[in-house]
Colleague: 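Below you will find the structure I want to go over with you.
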Amino acid sequence: MSLATIRRYIELVRQGPGNEHERLELLLRHEHRVEALVQELRETLDVMRHKVRIYEEHLVRGDADRLWNPTRPNPAQAGPHQEGRPPEGA
């Protein structure tokens, strides 16, 4: 909750009964903001997990030094594709 929202909520509570609907609206808006943040964090975590798996695989194969390194071309790759760029769709 933002500081302004917390202050408003406290103000409403101190006013006593009669503003419960407004308090509920504050809580619902905050709930929706938190849900959006959680979704964003889940998506970020998915990306990070994918990157960790890639690094783990390259470390196991012993070629992590070439992982997306534009200064070290991968001789196993044919064609104009450069190591510094992830493959299409990656």
Side-chain angles (χ1 to χ4, degrees):
M1 249 187 221
S2 72
L3 189 54
T5 302
I6 293 169
R7 286 182 178 153
R8 179 66 183 142
Y9 184 82
I10 290 170
E11 180 183 313
L12 290 170
V13 170
R14 287 181 178 161
Q15 289 175 7
N19 58 25
E20 291 82 8
H21 290 286
E22 191 174 349
R23 287 187 232 168
L24 177 59
E25 275 303 311
L26 285 171
L27 293 172
L28 287 170
R29 280 197 305 266
H30 182 63
E31 179 183 32
H32 291 132
R33 284 191 300 268
V34 169
E35 285 175 344
L37 287 171
V38 166
Q39 180 59 34
E40 183 180 343
L41 288 171
R42 282 188 182 129
E43 291 169 6
T44 301
L45 181 59
D46 288 344
V47 170
M48 292 308 304
R49 285 180 173 157
H50 175 73
K51 289 181 179 191
V52 165
R53 279 192 305 277
I54 289 170
Y55 272 81
E56 288 173 339
E57 290 168 5
H58 280 270
L59 285 170
V60 166
R61 287 196 309 255
D63 63 1
D65 62 326
R66 291 188 307 243
L67 189 61
W68 292 303
N69 183 347
T71 62
R72 294 238 6 227
N74 185 347
Q77 288 184 327
H81 174 69
Q82 293 179 350
E83 182 70 20
R85 295 188 191 122
E88 290 291 321

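Keep in mind that what you see is a predicted model, and the values were worked out from it rather than measured. Hydrogens, waters and symmetry mates are skipped; everything else that's a heavy atom, side chains included, is used.
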Colleague: Report whether Ile6 and Leu12 are members of the same hydrophobic cluster (ILVMFWY, side-chain heavy atoms less than 4.5 Å apart, transitive linking).
Modeller: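 Result: yes, single cluster for both.
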Colleague: For Gly18, does its backbone N or O pair with a side-chain atom of Glu20 as donor and acceptor, under 3.5 Å?
Modeller: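 At least one qualifying donor-acceptor pair exists.
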Colleague: May I ask you to test the Ile54-His58 pair for a side-chain heavy-atom distance under 4.5 Å?
Modeller: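 Ile54 reaches His58 side chain to side chain.
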Colleague: As an exercise, state the distance from CD of Glu40 to CD of Glu35, rounded to the nearest 0.5 Å.
Modeller: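 Going from CD on Glu40 over to CD on Glu35, the span is 14.0 Å.
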Colleague: Looking at Glu11 and Arg8, is there a salt bridge between them, counting it only when a charged N and a carboxylate O are closer than 4.0 Å?
Modeller: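 Answer for the salt bridge query: yes.
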Colleague: Could you measure the distance from the CD atom of Glu57 to the CG atom of Leu67? Nearest 0.5 Å is fine.
Modeller: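 Glu57 CD to Leu67 CG: 10.0 Å, rounded to 0.5 Å.
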Colleague: CZ of Arg49 to NZ of Lys51: how many Å apart, nearest 0.5 Å?
Modeller: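 Rounded to the nearest 0.5 Å, the CZ-NZ separation comes to 15.0 Å.
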Colleague: Is the shortest heavy-atom distance from the side chain of Arg14 to the side chain of Ile10 under 4.5 Å?
Modeller: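 Yes, close enough: below the 4.5 Å cut-off.
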Colleague: Would you say that Thr5 contacts Arg33 through its side chain, given a criterion of any heavy-atom pair below 4.5 Å between the two side chains?
Modeller: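 Yes - at least one pair of side-chain heavy atoms lies under 4.5 Å apart.
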Colleague: Side chains of His32 and Arg29: do they bring a donor and an acceptor to under 3.5 Å?
Modeller: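 Judged by distance alone, the side chains do not pair up.
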Colleague: Tell me yes or no: between the side chains of Gln39 and Glu43, is some donor less than 3.5 Å from an acceptor?
Modeller: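 Distance-only check passes for Gln39 and Glu43.
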Colleague: Applying the 4.5 Å side-chain criterion to the ILVMFWY set and letting contacts propagate, would Leu26 and Met1 be lumped into a single cluster?
Modeller: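 Cluster IDs for Leu26 and Met1 match.
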Colleague: Any chance you could lay out the side chain to side chain contact (heavy atoms under 4.5 Å, CB included) test for His50 and Asp46, step after step, and finish with the verdict?
Modeller: CA-CA 6 Å; His50 175 73; Asp46 288 344; over 6 Å; no
Colleague: Decide if atom CZ of Arg42 counts as having more than 12 heavy atoms of other residues, nucleotides or ligands within a radius under 6.0 Å.
Modeller: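 Result for CZ/Arg42: open.
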